[in-house]
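Notes for the one structure printed next.
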Amino acid sequence: MERDILGYRARFGVLGPSTNTIVEPEFSEMRPAGVTNHYSRIVIKNASAISNETFMQGTLEIDRKTYEAVEGVLTMGPDYLVMGMSAVTFYGGAEGAQKWKDNIQSKSGLKISLGSEAVAAALKAQGNIKKIAFLSPYYPVANAEVANYLSDHGYETVRDKPLQCPSWHDIARVTPSTVRETVNALNGDDVDAIVQVGTNLCMARQAERLEMELNKPVIAINTATYWHALRANGIEDKISGFGRLLSDF
């Protein structure tokens with residue numbers, strides 16, 4: 001079969017909320033030669049999240065509109081789908097995530113990488129990890145869903161921090177210093193790895209620096225998701241600048 005001039009190895013259809021300004025550039029920075037990313041926006045408003053209830057309502061709006069974005073990106077004929085939105089992919093534990101994935105794959109006819117599944121795979125790839133701590137831009141109710149999902153995969157959450165960002169735009173405004181302070185507060189001898197979820201929270205490159213300082217895995221969800229998509233398509237390029245996950249595994 002003839003291939004695209006630029007996307008001769010793989011053409012990824014990337015799904016992300018229209019309010020998200022981080023996942024697209026972070027995925028672009030990780031893109032190896034011969035792979036192209038084709039972003040399709042899940043059109044939503046900049047939700048105000050002021051409670052557990054309003055946060056969940058906002059994420060469920062994203063969920064309801066996801067397939068409209070899938071239909072749009074299918075018109076360019078992607079080889080594979082990559083989810084640039086993470087919250088709802090954790091809901092309902094491992095079973096709920098699998099049902100969500102099966103639904104998208106059934107409707108699209110394509111395989112897909114999810115943030116939830118990618119994080120679990122990234123932790124497994126690095127080995128000897130049992131206890132984790134994680135940060136998110138979410139509210140506590142969504143953090144509980146993340147902890148439940150990771151528990152289903154055998155990982156105990158020792159500590160977690162929901163940053164409770166008041167809007168979708170505010171997630172992208174979380175500073176590196178806030179990320180560092182949060183990671184340092186979560187870290188301890190009782191934690192084998194640090195995980196960050198929430199695709200609009202900028203942490204892909206900072207994760208490598210933190211990983212070197214802490215001498216333990218620091219998994220940023222955008223790195224894990226893109227790594228998962230590459231490896232699922234047989235693309236084994238080792239990419240520096242984003243931590244050991246992409247450079248060593």
Co-members of the apolar cluster containing Val43 [side chain, <4.5 Å]
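The other cluster members (ILVMFWY side chains, heavy atoms under 4.5 Å, direct or chained): none.
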Ring pair (Phe, Tyr, Trp, His ring centres under 6.0 Å) contacts in which one or both residues fall within [range], not counting sequence neighbours:
| range | result |
| --- | --- |
| residues 194-218 | none |
| residues 164-209 | Phe55-Trp168 |
| residues 89-130 | Phe90-Tyr149 |

[X] and [Y]: which non-hydrogen atoms are nearest, and at how many Å?
| X | Y | value |
| --- | --- | --- |
| Thr59 | Ala87 | CG2-CB, 3.9 Å |
| Glu145 | Gly92 | OE1-N, 3.1 Å |
| Ser116 | Ala97 | OG-CB, 4.0 Å |
| Ile62 | Pro17 | CD1-CG, 4.1 Å |
| Thr157 | Leu150 | OG1-CD1, 4.4 Å |
| Tyr8 | Ile5 | CD2-O, 3.3 Å |

Distance-only donor-acceptor check, side chains His38 and Thr36, under 3.5 Å
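Yes.
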Residue pair Thr54 / Ser51, side-chain donor-acceptor N/O under 3.5 Å:
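Present: a donor and an acceptor within the cut-off.
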To the nearest 0.5 angstrom, please state how far the [atom1] atom of [X] sits from the [atom2] atom of [Y].
| X | Y | atom1 | atom2 | answer |
| --- | --- | --- | --- | --- |
| Lys111 | Ile104 | NZ | CD1 | 13.5 Å |
| Thr182 | Asn187 | OG1 | CG | 12.5 Å |
| Leu186 | Lys161 | CG | NZ | 8.5 Å |
| Arg11 | Leu81 | CZ | CG | 11.5 Å |
| Gln196 | Thr223 | CD | OG1 | 8.0 Å |
| Asn222 | Leu201 | CG | CG | 9.0 Å |

With a 4.5 Å limit on heavy-atom distance, are the side chains of [X] and [Y] in contact?
| X | Y | answer |
| --- | --- | --- |
| Tyr80 | Ile112 | no |
| Ile42 | Ser18 | no |
| Val82 | Phe27 | yes |
| Val195 | Val197 | yes |
| Glu117 | Thr89 | no |
| Met203 | Val218 | yes |
| Tyr226 | Val23 | no |
| Arg3 | Asp79 | yes |

Thr21 vs Asn200, side-chain contact (heavy atoms from CB on, under 4.5 Å): CA-CA, chis, key distance, verdict:
CA-CA 6 Å; Thr21 55; Asn200 204 26; 3.8 Å; yes
Sequence neighbours excluded and cut-off under 3.5 Å, please list the side-chain donor-acceptor pairs for residues 118-136, or say none.
residue	atom	partner	partner atom	Å
Ser136	OG	Tyr138	N	3.0
Ser136	OG	Asn143	OD1	2.5

For Asp170 and Ser167, what are the C-alpha separation, side-chain angles and deciding distance, and is it a side-chain hydrogen bond (donor to acceptor under 3.5 Å, both in side chains)?
CA-CA 5 Å; Asp170 285 313; Ser167 76; 2.8 Å; yes
Under the salt bridge (Lys or Arg N to Asp or Glu O under 4.0 Å) rule, what do Arg180 and Glu213 come out as? Steps first, then yes or no, please.
CA-CA 11 Å; Arg180 178 179 293 278; Glu213 293 171 13; 2.5 Å; yes
Could you name each residue pair satisfying side chain to side chain donor-acceptor pair (under 3.5 Å) that touches residues 67-77, not counting sequence neighbours?
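Non-adjacent pairs meeting side chain to side chain donor-acceptor pair (under 3.5 Å): zero.
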If a pair satisfies salt bridge (Lys or Arg N to Asp or Glu O under 4.0 Å) and one of its residues is in residues 41-53, list it, with sequence neighbours excluded.
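Passing the test, one end in residues 41-53: Glu24-Arg41.
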Summary of salt bridge (Lys or Arg N to Asp or Glu O under 4.0 Å) pairs that have at least one residue in residues 148-160, sequence neighbours excluded
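Salt bridge (Lys or Arg N to Asp or Glu O under 4.0 Å) check on residues 148-160 returns Arg159-Asp190.
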Within one Ile-Leu-Val-Met-Phe-Trp-Tyr cluster: [X] and [Y], side-chain cutoff 4.5 Å:
| X | Y | value |
| --- | --- | --- |
| Met83 | Phe12 | no |
| Ile171 | Ile22 | no |
| Val146 | Val174 | yes |
| Tyr39 | Val70 | no |
| Leu110 | Met76 | yes |

Applying side chain to side chain contact (heavy atoms under 4.5 Å, CB included), name anything that partners [X], two or more places apart in sequence or on another chain.
| X | answer |
| --- | --- |
| Ser40 | Leu15, Ala69, Val73 |
| Met212 | Glu208 |
| Gln164 | Tyr139, Pro140, Pro162 |

Please say whether more than 12 non-hydrogen atoms of neighbouring residues, nucleotides or ligands are located less than 6.0 Å from CD in Glu95.
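It does not: Glu95 CD has 12 such atoms or fewer within range.
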For atom NZ of Lys216, is the number of surrounding heavy atoms from other residues, nucleotides or ligands below 6.0 Å larger than 12?
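Yes, NZ of Lys216 has more than 12 neighbouring heavy atoms, counting only those of other groups under 6.0 Å.
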Thinking salt bridges, do [X] and [Y] make one under a 4.0 Å N-O criterion?
| X | Y | value |
| --- | --- | --- |
| Lys99 | Asp102 | no |
| Asp237 | Arg9 | yes |
| Arg205 | Glu26 | no |

Short side-chain to backbone donor-acceptor contact, Asp63 and Val88, under 3.5 Å:
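Flag not set: sc Asp63 to bb Val88 has no pair under 3.5 Å.
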List the atom pairs, with distances to 0.1 Å, where a side-chain N or O of residues 239-249 and a protein N or O form a donor-acceptor pair under 3.5 Å, not counting sequence neighbours.
residue	atom	partner	partner atom	Å
Arg244	NE	Asp248	OD2	3.0
Ser247	OG	Gly243	O	3.1

